[in-house]
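As structure tokens, the structure follows; a few thoughts come after it.
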Amino acid sequence: MAYWLLKSEADTWSWDQQKQEGRKGAEWGGVRNFQARNNMRAMNKGDFGFFYHTGDEKRIVGIVKVVKEAHPESTDPTGQWECVDVTAVGDLPRPVTLAQIKATPALKSMVLVRNSRLSVQPVTESEWRKVCAMGGLADPP
DNA sequence: GCCAACGTTGGC
DNA sequence: GCCAACGTTGGC
């Protein structure tokens, strides 16, 4: 079991849109970066991830689960890029902001802090538990 | 709106 | 294969 963090601009693909896709989920498309693609290739079905809104919000708002492993992106005419399918698991009761994360010593080495530009990131198990606790999730996946 | 950090491109 | 120039991302 591995943990991840997926970033999106709310204008482009929001948490509400993700939730509307229901159990079947949707492609996590539009990734045009090799490191991010490699991270998606490393994902296994059943892995969990944080859903992070960039831009004005800059906070983790929900939990997603990988329902389909890396495959060519259906909307990419070149066929060069891949995506995974993810489904919304649930809201974080209390969204965790980037400012909170930066202010938390235990989260200092999160990729989100160290390399804010990477759009698909690995999250360690201890980071996962810490953020879930801060977000008010009593029983994290 | 600015700019730092990072990735990609293309000339050599 | 190096590196300067350029484009993009995302926080401030």
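Chain naming here is simple, since letters A, B, ... match the order of the sequence lines and numbering starts at 1 in each. No experiment lies behind these values; they were computed from the predicted model shown.
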Quick one: list whatever passes side-chain contact (heavy atoms from CB on, under 4.5 Å) with [X], sequence neighbours left out.
X	result
A/T54	A/K7, A/E9, A/Y52
A/A36	A/V31, A/N33, A/L118, A/S119, A/V120
A/Q80	A/D76, A/T78

Notebook entry, point to check: Checking all strands, does A/Q35 fall into the base, sugar-phosphate, or nothing category for heavy-atom contacts under 4.0 angstrom?
Noted result: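 Here A/Q35 touches the backbone only, sparing every base.
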Item checked: Inter- and intrachain pairs under ring pair (Phe, Tyr, Trp, His ring centres under 6.0 Å), touching residues 85-104 of chain A, at least two apart ->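 Ring pair (Phe, Tyr, Trp, His ring centres under 6.0 Å) check on residues 85-104 of chain A returns no pairs.
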Margin query: Applying ring pair (Phe, Tyr, Trp, His ring centres under 6.0 Å) as the test, list every pair that has at least one member in residues 55-113 of chain A; sequence neighbours left out.
Written below: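 As it turns out, the ring pair (Phe, Tyr, Trp, His ring centres under 6.0 Å) pairs with a partner in residues 55-113 of chain A, which skip direct neighbours, are A/F34-A/W81.
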Identify every side-chain donor-acceptor pair in residues 103-113 of chain A under 3.5 Å, counting partners at least two apart or on other chains, and give the distances.
from, atom 1, to, atom 2, distance (Å)
A/T104, OG1, A/Q100, O, 2.7

Check: Which of residues 97-109 of chain A have a heavy atom under 4.0 Å from DNA chain C?
Finding: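 Residues of residues 97-109 of chain A under 4.0 Å from DNA chain C: A/L98, A/K102.
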Note to self: Using a 4.0 Å cut-off to any heavy atom of chain A, which nucleotides of DNA chain B are the first and last in contact, reading 5' to 3'?
What the structure shows: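 Here the contact window of chain A covers B/dA5 to B/dT8.
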Check: Mind checking what makes ring pair (Phe, Tyr, Trp, His ring centres under 6.0 Å) contact with A/W128, not counting sequence neighbours?
Finding: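 Ring pair (Phe, Tyr, Trp, His ring centres under 6.0 Å) check on A/W128 returns A/Y3, A/F50.
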Notebook entry, point to check: Have A/W28 and A/D85 got a donor and an acceptor in their side chains that come within less than 3.5 Å?
Noted result: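 Side chains of A/W28 and A/D85: no pair found under 3.5 Å.
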